[in-house]
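Below, read A as the first sequence line, B as the second, and so on, with proteins coming before strands; counting in each chain starts at 1.
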Number of protein chains: 2
Amino acid sequence: MDEIDRNILIAVQKDGAAGLAELAKVAGLSVSATAERIKRLEERNTIRGWRADLDPEAIGCPLLGFVFVRTSSDGRAAFEGLMRGLEPVLECHSITGSWTFLLKIRAESLQALETFISDVLARFDGVARAKLLIATSSAKETSILPISEADEE
Amino acid sequence: MDEIDRNILIAVQKDGAAGLAELAKVAGLSVSATAERIKRLEERNTIRGWRADLDPEAIGCPLLGFVFVRTSSDGRAAFEGLMRGLEPVLECHSITGSWTFLLKIRAESLQALETFISDVLARFDGVARAKLLIATSSAKETSILPISEADEE
DNA sequence: GTTGAAAGCGCGGCAAG
DNA sequence: CTTGCCGCGCTTTCAAC
């Protein structure tokens, strides 16, 4: 993982449809060397996959909510398993502070979100409390990660 | 946006490197019809782009934090503009409740995260308070959106 | 690491039904 | 919408350096 790999990773995050010729320019390498680096990055799972980036509004889930959840300590693992299988739950993090989990959820409407929380989350054994915050607007929402300068492997 | 488009969108979210032949199977259409649908989905910006999905740990930003921020009401727009330009800030949402913003931030270490908050966020005029929550583990973290059944256009 | 060539697959466009 | 065809371009692999 050197400077060249980092430049490649920056580029493929911005445009995953870029061809090898374009990426080779970014990398400052030949096309074949660039292809090999990308293959290695995929094999090492530094690149986990390639995905289409969709507009949430266009596909009918404009509403974004964050839910804090407090569970009993022995219900945590089962709760995580449940969250993993629920499509509207984009993220489920264990967090510091007085709550157990922070969830990021997308739904088609406020009603759908509230229904989901009361019918699925609150009904789960082990959930002691839940608190919902609604995102009223989003100045930024990206999955493009910052590439740090370190990690010279 | 019909059932076929939804199936295509589900597929390209899971595997953006899938070829048209494979997507045609998923869609239940011919390759040419599938290609045209994808082109239309891109033109309408339902598909906003194609991106490589990277492993945060592999690229040196394993630490995930959420930061609540309270700003003065006239500092909000400027704060949003600042956030948009900061790479470690993956998300910046206006939210209901007593805080103004919720940020999602990735950094290489706890120290880097705390430094970033105190040097960049807390120093910004208009920021009255900030509260940091650290994600100690993540059971799920995806950008794959649920595709709702509605919206028959 | 480089260039260059060869082979093959896939995409894009078009025609016809 | 379908099938079929054609041509270009890109990826992939290989060789030689």
Side-chain angles (χ1 to χ4, degrees), chain A residues 1-55 57-60 143-153, chain B residues 1-55 57-60 143-153:
Chain A
M1 171 76 81
D2 57 6
E3 175 84 32
I4 296 175
D5 279 340
R6 281 193 288 276
N7 287 333
I8 291 175
L9 292 172
I10 291 170
V12 294
Q13 280 197 110
K14 282 192 263 195
D15 181 10
L20 286 174
E22 190 178 331
L23 294 175
K25 285 185 203 163
V26 172
L29 296 179
S30 67
V31 170
S32 48
T34 307
E36 230 174 288
R37 279 177 179 260
I38 291 175
K39 198 204 294 181
R40 278 174 43 232
L41 289 167
E42 287 175 325
E43 287 167 351
R44 295 183 194 173
N45 268 307
T46 300
I47 296 177
R48 295 189 292 200
W50 305 86
R51 320 220 175 292
D53 172 36
L54 307 187
D55 178 0
E57 321 230 338
I59 63 171
S143 57
I144 296 178
L145 305 174
I147 311 282
S148 64
E149 313 267 324
D151 282 355
E152 199 80 29
E153 176 185 331
Chain B
M1 171 76 83
D2 57 7
E3 175 86 31
I4 296 175
D5 278 340
R6 282 193 289 275
N7 286 334
I8 291 174
L9 292 172
I10 291 170
V12 293
Q13 281 197 108
K14 282 192 261 195
D15 180 11
L20 285 176
E22 189 178 334
L23 294 174
K25 285 185 204 164
V26 172
L29 295 178
S30 68
V31 169
S32 49
T34 306
E36 230 174 287
R37 277 175 181 262
I38 292 175
K39 198 205 292 182
R40 279 174 42 231
L41 289 167
E42 286 175 326
E43 286 167 352
R44 293 185 195 173
N45 268 308
T46 300
I47 297 177
R48 295 189 292 201
W50 305 86
R51 322 218 173 288
D53 172 37
L54 308 186
D55 178 1
E57 320 230 339
I59 63 171
S143 58
I144 296 179
L145 304 174
I147 311 284
S148 65
E149 312 268 325
D151 281 355
E152 199 79 27
E153 178 186 326

Legend entry - Residue pairs fulfilling salt bridge (charged side-chain N to carboxylate O under 4.0 Å, His left out) with at least one residue in residues 18-39 of chain B, sequence neighbours excluded: B:Asp2-B:Arg37, B:Asp5-B:Arg37

Legend entry - Worked check of side chain to side chain contact (heavy atoms under 4.5 Å, CB included) between A:Leu41 and A:Ile47: CA-CA 6 Å; A:Leu41 289 167; A:Ile47 296 177; 3.8 Å; yes

Inset, instruction - Produce a footprint string for nucleotides 12-17 of chain C: one letter per nucleotide, 5' end first; B if the base is under 4.0 Å from any protein heavy atom, S if only the sugar-phosphate is, - if neither. - result: -S----

Legend entry - Side-chain heavy atoms of B:Ile38 within contact of B:Leu20, under 4.5 Å: yes

Legend entry - Pairwise side-chain contact, A:Arg51 with B:Arg51, heavy-atom cut-off 4.5 Å (strictly under): no

Legend entry - salt bridge (Lys or Arg N to Asp or Glu O under 4.0 Å) partners of A:Arg40, counting only residues at least two apart: none

Inset, instruction - Determine the minimum heavy-atom distance between A:Arg44 and A:Met1, stating which atoms define it. - result: NH1-N, 3.8 Å

Inset, instruction - Name the first nucleotide and the last nucleotide along DNA chain D (5' to 3') that come under 4.0 Å of a heavy atom in chain A. - result: D:dT11 to D:dT13

Donor-acceptor contacts under 3.5 Å from residues 7-15 of chain A side chains, at least two apart:
{"residue": "A:Asn7", "atom": "ND2", "partner": "A:Glu3", "partner atom": "O", "Å": "3.4"}
{"residue": "A:Gln13", "atom": "OE1", "partner": "A:Leu145", "partner atom": "N", "Å": "2.7"}
{"residue": "A:Gln13", "atom": "NE2", "partner": "A:Leu145", "partner atom": "O", "Å": "2.9"}
{"residue": "A:Asp15", "atom": "OD1", "partner": "A:Ala17", "partner atom": "N", "Å": "2.9"}
{"residue": "A:Asp15", "atom": "OD1", "partner": "A:Ala18", "partner atom": "N", "Å": "3.4"}

Inset, instruction - Calculate the interatomic distance between A:Asp2 atom CG and C:dG1 atom P; express it in whole Å. - result: 8 Å

Legend entry - By side-chain contact (heavy atoms from CB on, under 4.5 Å) - contacts of B:Ala33 (at least two apart): B:Leu29, B:Ser30

